[in-house]
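Report on the structure given below.
The chains referred to below are lettered A, B, ... by the order of the sequence lines, with proteins before strands, and numbering in each begins at 1. Note that these values count all heavy atoms, side chains included, but never hydrogens, waters or copies made by symmetry.
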There are 2 protein chains.
Amino acid sequence: MVVTIGDVARAAGVSRSTASYALSGKRAISAEVRQRVNDAVRSLGYTANAGARALATSETKVIGLLAQFLEDEFAPAMLQYMLGVSDTARELGYDILLATEADGARALRRITDSRMVDGVVLLNVAQEDDRLDILRDAPQPGALVGLPGDCSELDVFDLDFEEAGRMMVDHMHALGHRELILVSQPQHVVERGGAYVWRLQDAALEQARVRGITLHAMYGESRQPAVGQTLNDLLDAYPGATGLLLNNEAAAAALPSVLHTRGLTVPKDLSVIGRYSDEFARLFSLPFSSIESAPDRLGRMAVRQLVRRIESPEGRNEPYVVRFVSPELVDRGSTGVPGPSRADT
Amino acid sequence: MVVTIGDVARAAGVSRSTASYALSGKRAISAEVRQRVNDAVRSLGYTANAGARALATSETKVIGLLAQFLEDEFAPAMLQYMLGVSDTARELGYDILLATEADGARALRRITDSRMVDGVVLLNVAQEDDRLDILRDAPQPGALVGLPGDCSELDVFDLDFEEAGRMMVDHMHALGHRELILVSQPQHVVERGGAYVWRLQDAALEQARVRGITLHAMYGESRQPAVGQTLNDLLDAYPGATGLLLNNEAAAAALPSVLHTRGLTVPKDLSVIGRYSDEFARLFSLPFSSIESAPDRLGRMAVRQLVRRIESPEGRNEPYVVRFVSPELVDRGSTGVPGPSRADT
DNA sequence: CTGAAAGCGCTTACAG
DNA sequence: CTGAAAGCGCTTACAG
């Protein structure tokens, strides 16, 4: 019922090894034999058994993708990283084994120990991430999206969140703003080790100090309507603030209706700049300029590096890389020179 | 370097077959030997090679998941189906091979022909879906989420969109509404074979006829701000309409700001009912009552049936099922008795 | 209760 | 340019 390379060989009148070589091209084969083998493959509908090939070659042509859907984090953002990884893997000839279970360390151990994959990509890496020690001990290479506290023996890719924080502040400062509010992810995310939150925030605070301007940094909620309330409270608490920085998807999504309710116009009454992906902005139809978080680019870079390490013999021993993507500001017209302070109106 | 069952056997002082049986429990093993084998496994850190096991048993313990991210469709909705499938598969002992490429038929053929999976779940199935013939010819069973035109030899799971359409109309009718607007997905989705769109719409139209009320059925855009404009146009065009039915995520997401701009209050000025998942409502903080689309339940049902077919010997020949999930209305308070028609104000 | 051996379907040195 | 054979790491009849 199931056709094997033996069937192909028989149909082509050659040995199994010749059939195999004809298909792999790993040694010279006469044009005629190659033709007969290819014909046999076609007429029998042969495809190599992946498990058998993996056993013989120690290559699965599968990459493990470890996603983490954490509470208080924005699931659709994760999807974009996943698609970046998946698309790039396919281009490079790999399939994706997806693990979404809560216990990422266990999943990682399972798929690496059993040799189901040639390498793995970890998404949403935390400051202290219990998957990392397992990855370091694994026989397969791995690539991270997200910067952990300890990058030793790891290839790491992440947005340069510190630069993003500075860029937000500088952009506003250049326009003339002197008092800003930054709404970060919920504190819970920070406590869990979401380093990108404090990397952006700390850098923004430092840059505000350097520029001599005021920055009120706050943790926002992760859900509406609570996050909308937070935004309202902050706008009440700091009437002198003329600019709003958002490192919090839920806050960005909630802001339009908050502005509407308060009768505020962007950028006339308030300048706004966010940090999220272009796709996210499209999805939520957000009219705010933003630092593009480029999940597709990061996923792509991680897979490229991973495949390099998997496939090149030297790759395994090349020095490890920690690569930061420079933030890019997508101008959607939501920032401008500060108008009269809201405090004065 | 890599530890095999031979190493375990040697360390335990038994044969490889005994080691294997001790681990699988497929034949009686003395307590002492079992102990020695388990100790060896632990001290050596043994995990069976998945490819070798698959080759020997013809079981991969992997389920293929074919997602389709189509233009004009709402990607985060797809994610919820994926997570339902992935979580249930893991509970049942299966890993997920994820294929997201545009050419789903090719992906399906690749993973089934090469025996990478024991079965496959197809998401977002269209009326005429070129993956179905490939699935029918595949040696592995499959389960669909989404109702195709031809269900023969297939297990199919879907929301009962016709009942959903009737339910929306009846709910409004019972409250006293006599003129309604239905905004469906974009026409493009219909042309591509997104049967759920016309299943809901046709049933809603028929039910409106039965009830003797007016229903204006329209295709909406898939993106803001276009979809917001459509909503505005419709509200202008049908001032007598007192209820709005939404089978279009983008429209649901856009509606709050449209209502806000027009100064309409729900349900006083307009009753609204949507069709989307609870998770979607949470994500977008939508205050509208809705027919729950239950992606997690559907993913779970599909995997359960698939695994039943994979694992039980009779399962392979059990009659095929087409199962519709009954819609449930989640009341978020956005419908009520019609106020004075907007036309009169 | 345990072991020796065959076999799953490939690939790849080894020989010619 | 091609073939016979070994081997990848498992599982499972077959024998005892």
Side-chain angles (χ1 to χ4, degrees), chain A residues 1-38 40-41 44-62 110 112-118 139-140 313, chain B residues 1-38 40-41 44-62 110 112-118 139-140 313:
Chain A
M1 169 175 173
V2 48
V3 29
T4 74
I5 199 161
D7 301 321
V8 171
R10 193 172 323 115
V14 298
S15 70
R16 297 194 305 151
S17 58
T18 298
S20 176
Y21 281 120
L23 292 173
S24 70
K26 287 192 182 166
R27 80 177 178 191
I29 297 283
S30 71
E32 192 219 329
V33 164
R34 188 175 328 123
Q35 184 61 49
R36 290 211 311 268
V37 170
N38 285 335
V41 164
L44 296 175
Y46 169 75
T47 305
N49 179 302
R53 174 172 285 167
L55 185 57
T57 62
S58 301
E59 285 180 3
T60 64
K61 289 291 175 182
V62 175
R110 183 180 66 250
T112 53
D113 279 358
S114 64
R115 301 300 216 275
M116 300 179 89
V117 298
D118 293 338
Q140 301 96 334
Chain B
M1 166 174 174
V2 48
V3 27
T4 74
I5 197 161
D7 300 322
V8 171
R10 194 173 320 116
V14 298
S15 72
R16 296 193 306 152
S17 57
T18 298
S20 177
Y21 282 119
L23 292 173
S24 70
K26 287 191 182 167
R27 79 177 180 194
I29 296 283
S30 70
E32 193 219 328
V33 164
R34 190 177 324 126
Q35 184 61 50
R36 290 213 309 270
V37 169
N38 284 334
V41 165
L44 296 175
Y46 169 76
T47 304
N49 179 302
R53 173 171 285 168
L55 185 56
T57 62
S58 301
E59 285 180 4
T60 63
K61 289 293 175 180
V62 175
R110 182 179 68 249
T112 54
D113 280 357
S114 64
R115 302 299 216 275
M116 299 179 90
V117 298
D118 294 338
Q140 301 96 333

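Residue contacts shown for A:Thr4 are limited to sugar-phosphate atoms, with no base heavy atom under 4.0 Å away. Counting any heavy atom pair closer than 4.0 Å across all strands shown, B:Ser17 reaches a base atom. Contacts of B:Ser20 with the nucleic acid, taken as non-hydrogen atoms under 4.0 Å apart, include base atoms.
Going from atom CD1 of B:Ile5 over to atom P of D:dG9 covers 12 Å, rounded to whole Å. With rounding to whole Å, A:Asp113 atom CG is found 15 Å from D:dG9 atom P. One atom, CZ of A:Arg36, and another, C1' of D:dT2, lie 11 Å apart when rounded to the nearest Å. B:Glu59 has its CD atom 21 Å from the P atom of C:dG7, to the nearest Å. Atom CG of B:Leu55 and atom P of C:dA6 are 17 Å apart (whole Å). Between B:Asp7 atom CG and D:dG9 atom P there is a gap of 9 Å when expressed in whole angstrom units. One interatomic measurement links the two molecules: CZ of A:Arg115 to P of D:dG9, which rounds to 9 Å at whole-angstrom precision. Atom CZ in B:Arg27 sits about 11 Å away from atom P in D:dA13, given to the nearest Å.
With respect to B:Val3, the side chain to side chain contact (heavy atoms under 4.5 Å, CB included) criterion is satisfied by exactly one of B:Thr47, B:Leu44, B:Asn49: B:Leu44. Looking at A:Val117, A:Asp118, A:Asp113 one by one, the single match for side chain to side chain contact (heavy atoms under 4.5 Å, CB included) with A:Gln140 turns out to be A:Val117.
Counting only heavy atoms from C-beta on, B:Val33 has its side chain closest to C:dT2 among D:dG3, C:dC10, C:dT2. For A:Thr18, taking side-chain heavy atoms from C-beta onward, the closest of the listed nucleotides C:dG9, D:dC10, D:dT2 is D:dT2. With C:dT12, D:dT12, C:dC10 as the candidates, the nucleotide lying closest to the side chain of A:Tyr21 is C:dT12. Of the candidate nucleotides D:dT12, D:dC10, D:dT2, D:dT2 has the atom lying nearest to any side-chain atom of A:Ile29. With distances taken from any side-chain atom of B:Asn49 to the nucleotides D:dC10, C:dG3, C:dT12, the minimum falls on D:dC10. Nearest to the side chain of A:Ser30, among D:dT2, D:dA6, D:dG3, sits D:dT2.
The nearest heavy atom of DNA chain C to B:Arg34 and to B:Ala56 marks one nucleotide each, and the one closer to the 5' end goes with B:Arg34. Between A:Arg53 and B:Val14, the residue anchored closer to the 5' end of DNA chain C is B:Val14, taking for each the nucleotide with the nearest heavy atom. Along DNA chain D, the nucleotide nearest A:Ala28 and the nucleotide nearest B:Thr47 are compared for position; the residue whose nucleotide lies closer to the 5' end is A:Ala28.
Expressed to the nearest 0.5 Å, how far CZ of B:Arg27 lies from OG of B:Ser20 amounts to 9.0 Å. Rounded to the nearest 0.5 angstrom, A:Thr18 OG1 and A:Leu23 CG are separated by 11.0 Å. Considering CZ of A:Arg53 and CZ of B:Arg115, their distance stands at 14.0 Å, rounded to 0.5 Å.
Side-chain atoms of B:Asn38 never come within 3.5 Å of backbone atoms of B:Gln35 as a donor-acceptor pair (strictly under, hydrogens ignored).
In this structure, C:dA13 makes no Watson-Crick or G-U wobble pair, since no nucleotide meets both defining distances under 3.5 angstrom. Base pairing of C:dA4 is not made with any nucleotide, judged by Watson-Crick or G-U wobble geometry with both donor-acceptor distances under 3.5 Å.
The side chain of A:Lys26 places an N or O atom within less than 4.0 Å of a non-bridging phosphate oxygen (OP1 or OP2) of C:dT12.
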